[in-house]
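Down below is the structure, laid out as structure tokens.
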Amino acid sequence: MNSRNLLFLLGLLSLVAFPVAGEDRFITLSNLPMGTREKPLVLRTYFPDPGLTREVLSNHDLGYRARKYSPGKGDVDGFVDPILGIPGAIGVNFGPDLSICWDATECRLLYAWRGGFLDMTNYWGEPESGRRKGFGYIPELVGELIFVAKGSHPLGIFDQYTEILAPEFKGYRVIDGVPEFHYTVGEADVRVKIEPGTEPMSIVKHYTVKAPGEVGYYETGYKIKKTDDKDGTFSVTIQGKPVVGMGGAAEEQEYSTEKPNVEWGAALYTNLGCLACHSTDGTRGHGPTFAGLYGEEVPITGMDEKVIADDAYIEESIVNPTAKVVESYPPGYMPPYPIGKKEIKSLTMFIKTLANE
Amino acid sequence: MKSFPLLVACLLVGSAAVAQDASYKLETIPFPEGVPPEVGAVGFTPSGKIVVALRRSDVLIATPTEDPKKFEWSLFASGLHNACGMHIVSDKEILISQMPELTRLIDEDGDGSADIYENVASPWGMSGNYHETNHMVPDGKGGYFVAVGTASHNGPVFYNVRGEYSKVGRRGRNFSAASWKGWILHIDAEGNMTPWASGFRMHNGIYLDSKGNLWAGDNQGDWKGTTPFYHVEKGNFYGHVSSLVWDPEWNPEIDPLTLPLEEINEMKTDAAILLPHEMNRSASEPIEIPEGDVFGPYAGQILLPDNNGERIARLMLEKVDGVFQGACTQFYEAEGLHMGNNRVVFSPDNTTLYVGQTSRGWGPVAEGLQRLTYTGEAPFDIHTMSLTKTGFRLTYTGELGEGAEKVENFSFRRFRYEDTSLYGGDPLDVSEIKVTDIRKVDGKTLELDVENLEPGGWVYEMTMKNVASADGRSQRTGLFCYTVNKLKK
């Protein structure tokens, strides 16, 4: 239901360039960091584990429950269970179109999602107090999952198949902003660069493999297109799809898409990644907060008069953000969203619910 | 400060605080607006640029300016996971220890930002616990020593662990559930790992001095009665038991937490210096004061910042009967210095000490970048406190005023600490120590004889009053603590 519609919307989005503001983009106190298609954001951190199988995580050891411990008494009654998380992965965000979690232990793409990137609050803490979540401090995915790895490693190197070999991560090289991961498995040397494809929810992997034997590629559960192998160089396009039953922000929300409504607007706010830049609690992010926006007067760069944030203003801001740029924010930082009328209306209704009394 | 006798001692001397003086100028250096100033590591490039690794992923670089507010920061690298160690090879090559690995950053095309992030080595595991940060120093031969921090019981482990998982190592307050937690590992120039020393809790600061000695501090807590400063040698065990599970010779059936205390004490190597809570609560990166008088009169001594206090301690080390031991006092305290003092580096001309701060995620927020510049006006203080056969020798930075050499000017107490599985510890067996004689050896030197001078890790705490310089300046600090491991033969 909901995701089918998004598929279409985001398809349009992926054609739109996501402009870059300023030269250097530092990670800021914002707990919702994001990159763009031109300047993807690479972030090594703990990642949520959406329920990956042991087959996918076969090079990880297993953590166990332990006796509860008290600093004053030592061992006490009760147990502490491990939590779900991926310790050694690397995330890359290409703006709202695609985020990936590539693991340096398994040396493979574990999962991909779209909408936003990560909400780091659990781990980095509230900007002011710095308070991290004691247990369960894993960052949260923003958006919806479109690919989750299944089965054994997709790359098969034929002369090596009799032996199960652990891959060795060598590092990565940033090529035009995009990391190309490098690892070895036995005698094979593999480089893979992952980017958004042209089709909505598609993921392209560019491989350069030096291997003693023939190289095969199998992706369990997803349609792929593979180009011919030219001296070890080939590309694989994975067609992602909304993943049901494995978390993702869109899942718990129930709403109809027949006519515009607030619930749909709230879901779009998350799924289209608006929340990466606009807060609903009054804090300043990459963009102005939505709290108390509706009906207020907004100062616009280059205009003497303030503008009332009514339906028309908000709709224009979504479709053509550079028409009126809010004072003290960079022009062209927000991507234009060429989305349907019903979606725009729903978003506007959602923003209206955040108006001051 | 829990212990009553210590409290009294501090009231007597005012406090251990450094008096406001004209010797060091403190300045605060801001980062670009919105950048979280959580400094995991600092360094200088050969061309004189300062590099700062922030724990939230960015590596910033700037040319220092006289005006502390005029640094123009740009981004050298990004995307690192809690980078807490740094070694700068050249303007184009920087090594970083981050949570999962030792990483070499290379700016291949020379545009000022790294394009290669090479995994140099990652022999340690990751349990998934937020506390497992690493510090690193070059070994001077193209290799590195990496201090692999333990996990905290304030956080969990993951179901899927990187490296190996040990159920026994998971037990306790700070724990070693994943490979090599609580160790110092040596990584040679080819990336091969050799386990070096074990028994650390949170050795958030290791250092190789100009004479080739490897040092590590630790954080008081379980198995660390007070903050220790260790001379690290290969094969030694320094007291935090969880790390033992990763010793290849350890019997995996034995839970180190169940060992009798005597057995653990037998196995362990003592700290060269024990720092009472008044001196330091969480040792971070040590640094040797450079030769010459450019940073004051203490060349060759080691400074030890406190990650949990507004202060930097000064260490006076000497070798007695083949082992290092010595005294500590405060070098700089309060007067605008932030908490969370984590990493230090001297400017290329050695006149300025840059101090990077962070404790976010480990403790209350305390962060930023500050610098201390020597003004050229030497402080009046004890330059060195050293052991004699019958007591201590105090060498001052300047000529002593009249009447300093009075027995009643100096008070001594001694106490010891016990390392147990419970957090931290109070001083034990506290007793007053009598000064039996005092001599002025020369214009700058006093010798004191004390009773009950005994080896074995006793801390001799000295406070003083009515000691001033010949030109009428009072003494900069009021509290010195000497750890007697061995007696002078």
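All chains are named by letter (A, B, ...) in the order of the sequence lines, taking the proteins before the strands, and each is independently numbered beginning at 1.
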Checklist entry - Contact part of B:I116 toward chain A, heavy-atom cut-off under 4.5 Å: side chain, backbone, both or neither? => result both
Item to check | Heavy atoms of other groups near A:D77 CG, more than 12 under 6.0 Å | outcome: no
Checklist entry - With side chains defined as the heavy atoms from C-beta onward, is the minimum distance between A:P82 and B:F158 less than 4.5 Å? => result no
Checklist entry - Given the options A:D75, A:L62, A:L57, A:L84, which has more heavy-atom pairs under 4.5 Å with chain B than any of the others? => result A:L62
Next on the checklist: Could you walk me through whether A:F169 and B:E101 satisfy the side-chain contact (heavy atoms from CB on, under 4.5 Å) test, starting with their C-alpha distance in whole Å, then the side-chain angles of each, then the deciding distance to 0.1 Å, before giving a yes or no?
Outcome noted: CA-CA 10 Å; A:F169 178 59; B:E101 71 188 32; 3.6 Å; yes
Next on the checklist: If I compare all heavy atoms of B:S74 with all of A:F26, which pair ends up nearest, and what's the gap?
Outcome noted: C-CE2, 4.0 Å
Checklist entry - Among B:G172, B:S421, B:S57, which residue forms the greatest number of heavy-atom pairs with chain A at distances under 4.5 Å? => result B:G172
Next on the checklist: Taking side chain as everything from C-beta outward and backbone as N, CA, C, O, which of these in B:E33 sits under 4.5 Å from a heavy atom of chain A? Side chain, backbone, both or neither.
Outcome noted: neither
Next on the checklist: Take a 6.0 Å sphere around NZ of A:K210 and say whether it holds more than 12 heavy atoms from other residues, nucleotides or ligands.
Outcome noted: no
Checklist entry - Looking at B:N154 and A:F135, what are the two nearest heavy atoms and their distance? => result O-CE1, 3.5 Å
Checklist entry - So which part of A:N31 gets closer than 4.5 Å to some heavy atom of chain B, the side chain, the backbone, both or neither? => result side chain
Checklist entry - For the atom pair NE2 (A:H182) and CG (B:N119), what is the distance rounded to the nearest 0.5 Å? => result 11.0 Å
Next on the checklist: Check whether A:Y137 reaches the backbone of B:Y130 with its side chain - one donor and one acceptor, N or O, closer than 3.5 Å.
Outcome noted: yes
Next on the checklist: Test side-chain contact (heavy atoms from CB on, under 4.5 Å) on B:V161 and A:H60; report intermediate values, then the result.
Outcome noted: CA-CA 5 Å; B:V161 171; A:H60 285 75; 5.9 Å; no
Checklist entry - Are A:V80 and B:R170 close enough, and set up right, to give a side-chain contact (heavy atoms from CB on, under 4.5 Å), and what steps lead you there? => result CA-CA 11 Å; A:V80 191; B:R170 168 69 181 83; 3.9 Å; yes
Checklist entry - Out of B:S127, B:A177, B:G163, which one racks up the most heavy-atom pairs below 4.5 Å with chain A? => result B:G163
Next on the checklist: If you define the side chain from C-beta out and look only at heavy atoms, does anything of A:R44 sit under 4.5 Å from B:P100?
Outcome noted: yes
Item to check | Minimum-distance pair of heavy atoms, taken over all atoms of B:P156 and A:G136 | outcome: CG-N, 4.4 Å
Checklist entry - Is there a donor-acceptor pair under 3.5 Å between the side chain of A:D61 and the backbone N or O of B:Y165? => result yes
Checklist outcome for this item: Bottom line for B:N129: the part with an atom under 4.5 Å from chain A's heavy atoms is both
Item to check | Nearest-0.5 Å distance that lies between atom OH in A:Y69 and atom CG in B:L257 | outcome: 7.5 Å
Checklist entry - Who wins among A:L41, A:V92, A:L43, A:I90 for the most heavy-atom pairs under 4.5 Å with chain B? => result A:L43
Checklist outcome for this item: When the 4.5 angstrom heavy-atom criterion is applied to B:L60 and chain A, the contacting part is side chain
Checklist entry - Strictly under 6.0 Å, is that where the ring centroids of B:Y159 and A:Y64 end up? => result no
Checklist entry - Using a cut-off of under 4.5 Å for heavy-atom pairs, which of A:P33, A:G171, A:G63 has the most such pairs with chain B? => result A:G63
Item to check | Check: A:R173 and B:Y117 side chains under 4.5 Å, non-hydrogen atoms | outcome: no
Next on the checklist: Is it true that A:R54 and B:N160 share a donor-acceptor pair across their side chains at a distance under 3.5 Å?
Outcome noted: yes
Checklist outcome for this item: From the list A:Y123, A:W124, A:F47, ring pair (Phe, Tyr, Trp, His ring centres under 6.0 Å) partner of B:H81 resolves to A:Y123
Checklist entry - At a heavy-atom separation under 4.5 Å, does B:E108 approach chain A through its side chain, its backbone, both, or neither? => result side chain
Checklist entry - Can you tell me how far the NZ atom of A:K170 sits from the CD atom of B:E118, to the nearest 0.5 Å? => result 8.5 Å
Checklist entry - Under a 4.5 Å heavy-atom cutoff, which of A:V174, A:T28, A:I83 has the most pairs with chain B? => result A:I83
Item to check | Most chain A-contacting option - heavy-atom pairs closer than 4.5 Å, from B:R55, B:R173, B:M126 | outcome: B:R173
Item to check | Distance in Å, B:L80 CG paired with A:T45 OG1, rounded so as to fall on 0.5 Å steps | outcome: 11.5 Å
Checklist entry - Does the side-chain contact (heavy atoms from CB on, under 4.5 Å) test come out yes or no for A:V42 and B:S78, once each step is laid out? => result CA-CA 7 Å; A:V42 181; B:S78 192; over 6 Å; no
Item to check | NZ/NE/NH1/NH2 to OD/OE distance under 4.0 Å, B:R162 and A:E106 | outcome: no
